[in-house]
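Below is one structure, written out as structure tokens, with a few remarks after it.
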2 protein chains.
Amino acid sequence: MTSQMRSHYCGLVTESLMGQSVSLCGWVNRRRDHGGVIFIDLRDREGYVQVVCDPDRADMFTTAEGVRNEFCVQIKGLVRARPEGTVNEALKSGKIEVLCHELIVLNPSVTPPFQLDDDNLSETTRLTHRVLDLRRPYMQNNLMLRYRVAMETRKFLDANGFIDIETPMLTKSTPEGARDYLVPSRVNEGMFFALPQSPQLFKQLLMVAGFDRYYQITKCFRDEDLRADRQPEFTQIDIETSFMGEQDIRDMFQGMISNIFKTVLATDLGEFPVMTYADAMHRFGSDKPDLRVNLEFTELTDVMGDVDFKVFSAPATTPGGRVVALRVPGGSEMSRGEIDGYTEFVKIYGAKGLAWIKVNDVSKGRDGLQSPIVKNIHDAAVAEILKRTGAQNGDIIFFGADKAKIVNDSIGALRLKVGLSAFGKKSGVFTAGWKPLWVVDFPMFEYDEGGQRWSAVHHPFTAPKDGHEDWMDTDPGKCISKAYDMVLNGWELGGGSVRIHRADVQSKVFDALKIGPEEAQEKFGFLLDALQYGAPPHGGLAFGLDRIVTMMTGAESIRDVIAFPKTQRAQCLLTHAPSPVDEKQLKELHIRLRTTQPA
Amino acid sequence: MTSQMRSHYCGLVTESLMGQSVSLCGWVNRRRDHGGVIFIDLRDREGYVQVVCDPDRADMFTTAEGVRNEFCVQIKGLVRARPEGTVNEALKSGKIEVLCHELIVLNPSVTPPFQLDDDNLSETTRLTHRVLDLRRPYMQNNLMLRYRVAMETRKFLDANGFIDIETPMLTKSTPEGARDYLVPSRVNEGMFFALPQSPQLFKQLLMVAGFDRYYQITKCFRDEDLRADRQPEFTQIDIETSFMGEQDIRDMFQGMISNIFKTVLATDLGEFPVMTYADAMHRFGSDKPDLRVNLEFTELTDVMGDVDFKVFSAPATTPGGRVVALRVPGGSEMSRGEIDGYTEFVKIYGAKGLAWIKVNDVSKGRDGLQSPIVKNIHDAAVAEILKRTGAQNGDIIFFGADKAKIVNDSIGALRLKVGLSAFGKKSGVFTAGWKPLWVVDFPMFEYDEGGQRWSAVHHPFTAPKDGHEDWMDTDPGKCISKAYDMVLNGWELGGGSVRIHRADVQSKVFDALKIGPEEAQEKFGFLLDALQYGAPPHGGLAFGLDRIVTMMTGAESIRDVIAFPKTQRAQCLLTHAPSPVDEKQLKELHIRLRTTQPA
């Protein structure tokens with residue numbers, strides 16, 4: 001990485017260069033005057049090096065006296081061993097220092113608005129002064145790791161014959177799905193482009209066009225209200241392949257993610273378990289279970305129908321209801337206050353309360369239990385609870401009983417909350433590390449109570465399992481799709497599906513979704529058209545790059561792995577985008593603000 | 001590239017697989033029935049293979065009888081030598097054929113609207129049926145080569161420590177430069193994002209942030225009226241580096257482009273000559289001279305002041321005027337019709353006519369010349385013309401005399417027109433091949449007669465040559481910048497500059513451009529701010545990927561190296577973007593069409 005100005009990166013000057021002259025460029029991280037000598041910690045993107053300025057070179061020393069934090073300087077000097085007792089094992093360059101011969105101030109700095117090593121900056125401060133924030137080693141590391149992930153992804157895909165093909169950013173608005181960002185057309189009055197929510201249709205078209213293996217690491221856009229882990233623009237590793245089945249695809253991309261973790265983090269993810277959607281919901285109440293938490297649901301719906309406790313018996317006897325237990329080993333040590341906290345927590349997810357039993361002495365049956373509800377449950381049911389949960393002395397058992405969705409959401413969330421708590425970590429309920437899995441066999445359709453119609457669980461181009469297409473007319477709820485999600489530590493890293501490659505099957509799906517032929521033609525005519533011309537069997541998936549990198553870096557927020565992110569108000573505090581524009585610009589685009597009157 | 005469905009790509013089945021079983025997937029390019037046997041030319045992205053279907057496998061043969069062009073099929077069979085006399089040397093697979101054992105129709109095709117090998121399709125037909133158009137080997141090759149170029153670029157940059165950092169797509173509108181594409185904000189009423197015209201400011205901020213070496217292959221957007229080689233969205237290889245000077249930067253990126261041509265086209269570009277802007281304008285009338293054309297201007301301004309021919313003497317004696325000759329060896333064979341054609345041609349560029357001299361016998365002086373104008377030119381000037389141009393018998397000499405800009409544009413264009421003509425190619429005036437060069441030492445400013453002020457030739461962040469900053473107040477026209485363009489065969493492949501890294505110099509440039517402190521703060525405040533904090537010396541450049549690939553593939557149009565391009569009306573004929581949107585969407589964005597009245 002040499003240039004005329006620099007022979008080495010600061011952070012990479014090690015004892016292998018002992019006795020050699022080096023030329024370094026970087027920023028003054030700190031200047032210390034100690035015993036008549038000036039020490040400069042010089043910083044660049046690769047790390048720090050200690051520079052020693054002796055007063056025997058008077059000009060240089062005078063310059064050194066003038067430098068302040070964040071000055072950009074060039075130094076030339078000699079690499080030598082640090083004096084005994086001053087070695088810093090935490091730094092790559094910690095065994096050496098550079099004796100300065102020449103010091104050039106390339107650019108001075110005014111005093112920064114904050115100390116770069118201040119860890120308590122508000123996000124507003126950080127995003128307003130993003131350039132300085134990005135100088136911090138934390139952000140440098142995050143973005144450099146992000147790059148490594150992207151590059152390793154490209155290398156893997158290249159080696160496997162995938163080619164990067166760019167799809168348009170100015171594309172067509174399709175009203176379903178999330179809200180589009182729109183771009184008014186100047187040349188075509190009254191018309192609008194949309195920024196892509198994903199290149200889904202284009203990548204399928206590329207398969208029909210015969211490109212065989214496609215990928216792209218590309219920006220996608222959704223104009224949704226922002227949550228903590230959302231950005232208006234986000235980056236997707238988008239992949240599609242022809243002539244590969246579900247198993248081929250899963251194998252290959254398990255390989256890709258494993259390769260990334262291996263090359264970037266030197267971590268072996270091991271084999272990914274494969275779990276059906278039904279199984280995941282049954283055991284964890286979630287289609288993206290965090291397997292670091294060693295807690296599972298125990299099904300009790302079939303047990304609670306006849307207990308004298310309506311909270312349990314009503315959902316157990318109502319279609320769509322569910323009753324489950326969540327046994328937490330060692331949880332009987334929880335205080336009443338903790339349990340009250342969890343009770344409030346599950347209400348966020350719609351639960352009306354949180355029943356529990358502390359297991360003091362399982363050998364005593366009912367008498368060994370401490371619980372506000374156990375008195376309402378008959379002996380056989382109590383016995384079945386203890387048997388099915390495998391309760392041990394010292395456990396606590398929580399209960400969820402409601403519509404299945406509420407039970408899954410609330411007890412699923414409770415499972416994570418307990419697992420990730422201090423208790424969970426100390427008790428062994430939580431196992432640190434990486435726990436990947438595939439979730440497969442998603443339903444094709446879910447019934448939308450509001451709209452009184454079926455909607456697609458993934459998207460309407462997802463293929464049904466072989467044979468399941470026949471149920472699309474008669475019993476859509478029974479159709480299972482060839483969709484798959486890759487889940488890691490409770491986060492969906494990516495997902496995809498085998499697609500429909502036959503026009504007749506695609507039409508059946510539109511029928512099931514009550515998308516009429518005209519509407520289908522209007523919205524997806526170009527895809528339906530393409531399927532007529534010998535479309536190959538194909539499928540693919542997409543990974544969220546921002547999310548993968550957030551997990552791999554352990555960053556606190558997705559915004560910490562993006563150089564110039566937007567706030568939750570979708571604003572850039574650095575450049576002040578969005579901003580008002582000239583009336584002339586609006587006129588050229590044939591639009592006006594709703595607040596202004598027509599001229 | 002195997003999967004459960006395929007053992008090899010069709011185009012890569014060669015004699016090394018002789019005697020082996022293969023499983024192939026692809027499209028029926030052609031089916032021929034010959035002597036009771038069916039031949040299928042099976043096509044995939046890597047090429048063709050000949051498949052032979054013998055009637056002795058009755059089921060398979062019946063299937064083969066049913067297949068038509070563009071059916072998507074899978075075949076299993078045995079690789080064997082083609083019978084003598086049927087070898088096709090043009091194909092990688094031309095020595096073998098595959099004896100079909102099993103033929104599965106994966107998806108039939110309706111009859112395509114055109115033959116894939118029809119070379120006379122209109123662009124409208126091609127873009128409307130883009131998916132089929134993309135199946136043609138020409139388009140497959142173009143996009144695969146495009147990918148190779150992008151990937152080799154990444155590998156080179158990776159090896160040199162450059163890291164890909166994504167900059168925002170939703171950014172701030174800056175009214176100067178080209179017209180922005182705007183994106184209305186829903187959350188921030190009355191505000192707009194702009195799609196980036198280039199990541200210029202962000203990449204400079206990344207340098208200030210200490211990332212040292214940045215690149216990105218990214219979409220940029222300009223809402224300009226489209227010419228043949230323009231698209232609303234185009235792809236830029238965008239690069240910036242710290243601590244490298246002009247020479248370092250040029251060396252490195254000459255290396256990058258040379259490496260791309262070597263790895264992708266197995267071509268050695270050799271050393272790039274370096275030419276100043278002044279020299280390029282002087283010799284070729286262009287800042288992107290096509291050096292394949294062996295013709296140069298001869299300066300005559302100083303010679304023509306006193307001739308009795310106002311067409312020459314007026315520009316020769318008027319400030320800003322120029323008189324040049326363009327000697328074309330062997331050009332005296334041009335017919336009067338050809339010369340008339342060139343005369344009309346130069347008028348496009350503002351020339352009023354085209355004076356010429358045919359050199360029949362140079363030893364006879366004036367008497368050996370044939371020309372409508374030579375009678376008006378005195379002997380000394382005629383002698384000087386012949387001497388300076390080095391005229392030989394059989395040459396033609398053209399003349400340009402007008403304002404310098406008109407002379408440069410018109411005679412520069414004539415130079416190319418003659419060079420690229422049939423005459424130019426046969427006469428040796430044109431030398432085929434790759435002729436790269438660097439054009440350097442651009443002026444900082446040019447005087448805008450319309451606006452009566454100085455404007456930046458590159459952009460206002462370009463650094464002046466050392467010492468030239470002092471002329472910015474007194475004589476802006478004298479300032480030379482540290483800008484450089486890479487030119488290949490008359491096309492600008494890319495360009496860039498060393499940037500200003502000191503806030504005081506940046507302010508001086510804004511002063512020279514009459515951008516007041518308030519306006520500067522409003523538009524570029526975040527950059528000026530950043531320069532305060534020890535900004536490093538930095539510079540960079542950007543290459544147009546679409547253009548590089550167009551040149552490398554020899555494609556007829558930039559649209560032939562883009563998967564889904566827009567027409568010159570900025571429309572996508574495949575997806576019908578842009579399109580009208582729902583009133584509800586506009587309402588959410590706080591805008592309305594100017595043609596509709598407020599509700």
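A quick note: this is a predicted structure, and the numbers were derived from the prediction, not measured. Every chain is numbered from 1 and lettered A, B, ... according to where its sequence line falls, protein lines coming before strand lines. Below, each value reflects all heavy atoms present in this structure, side chains not excepted, and no hydrogens, waters or symmetry copies.
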At a heavy-atom distance under 4.5 Å, which candidate from [options] has the highest pair count against chain A?
options: B:His129, B:Gln140, B:Lys584, B:Arg136; value: B:Gln140
options: B:Ser185, B:Pro580, B:Gly525, B:Cys25; value: B:Cys25
options: B:Pro232, B:Ala150, B:Ala530, B:Pro537; value: B:Pro537
options: B:His501, B:Arg154, B:Glu70, B:Met151; value: B:Arg154
options: B:Tyr181, B:Phe193, B:Phe526, B:Phe71; value: B:Phe193
options: B:Leu134, B:Leu182, B:Thr128, B:Val187; value: B:Leu182

So for [X], is it side chain, backbone, both, or neither that comes closer than 4.5 Å to the heavy atoms of chain A?
X: B:Ala535; result: both
X: B:Leu132; result: side chain
X: B:Ile165; result: side chain
X: B:Asp529; result: neither
X: B:Leu195; result: side chain
X: B:Gln216; result: neither
X: B:Leu545; result: side chain
X: B:Tyr215; result: side chain
X: B:Leu170; result: both
X: B:Met169; result: both
X: B:Arg148; result: side chain
X: B:Glu588; result: side chain
X: B:Glu189; result: side chain
X: B:Ser579; result: both

Counting N and O atoms only, with roles assigned by atom type, does the side chain of A:Arg594 sit under 3.5 Å from a partner on the main chain of B:Ile591, one being a donor and the other an acceptor?
->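 Indeed, once roles are kept as given, a pair shorter than 3.5 Å links the two residues.
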
Side chain of A:Gln74, backbone of A:Met5: donor and acceptor closer than 3.5 Å?
->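 Between the backbone of A:Met5 and the side chain of A:Gln74 there is a qualifying donor-acceptor contact (under 3.5 Å).
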
Flag the pair [X] and [Y] as a salt bridge only when some basic side-chain nitrogen lies within less than 4.0 angstrom of an acidic carboxylate oxygen.
X: A:Arg186; Y: B:Glu224; answer: no
X: B:Lys155; Y: B:Asp158; answer: no
X: B:Arg146; Y: B:Asp546; answer: yes

Any side-chain donor-acceptor pair under 3.5 Å between B:Gln571 and A:Asn188?
->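 Short answer, yes.
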
Can you find a side-chain donor-acceptor pair between B:Arg45 and A:Ser242 that sits under 3.5 Å?
->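 No - no donor-acceptor pair under 3.5 Å links their side chains.
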
Residue selection (most heavy-atom pairs with chain B, distance under 4.5 Å) from A:Thr218, A:Ile249, A:Asp225, A:Val28 |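 The residue among A:Thr218, A:Ile249, A:Asp225, A:Val28 with the greatest pair count is A:Asp225.
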
Step by step, would you call B:Phe243 with A:Leu106 a side-chain contact (heavy atoms from CB on, under 4.5 Å)?
-> CA-CA 10 Å; B:Phe243 306 120; A:Leu106 298 171; 3.6 Å; yes

Could you go step by step and tell me if B:Met144 and B:Glu46 meet the side-chain contact (heavy atoms from CB on, under 4.5 Å) rule?
-> CA-CA 10 Å; B:Met144 289 184 31; B:Glu46 301 296 336; 3.6 Å; yes

Partner set under ring pair (Phe, Tyr, Trp, His ring centres under 6.0 Å) for A:Phe564, not counting sequence neighbours |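 Expected list: B:Phe202.
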
Considering residues at least two apart in sequence or located in another chain, which fulfil the salt bridge (Lys or Arg N to Asp or Glu O under 4.0 Å) criterion with B:Lys566?
->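 Scan of B:Lys566 (salt bridge (Lys or Arg N to Asp or Glu O under 4.0 Å), adjacent residues dropped) gives B:Glu233.
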
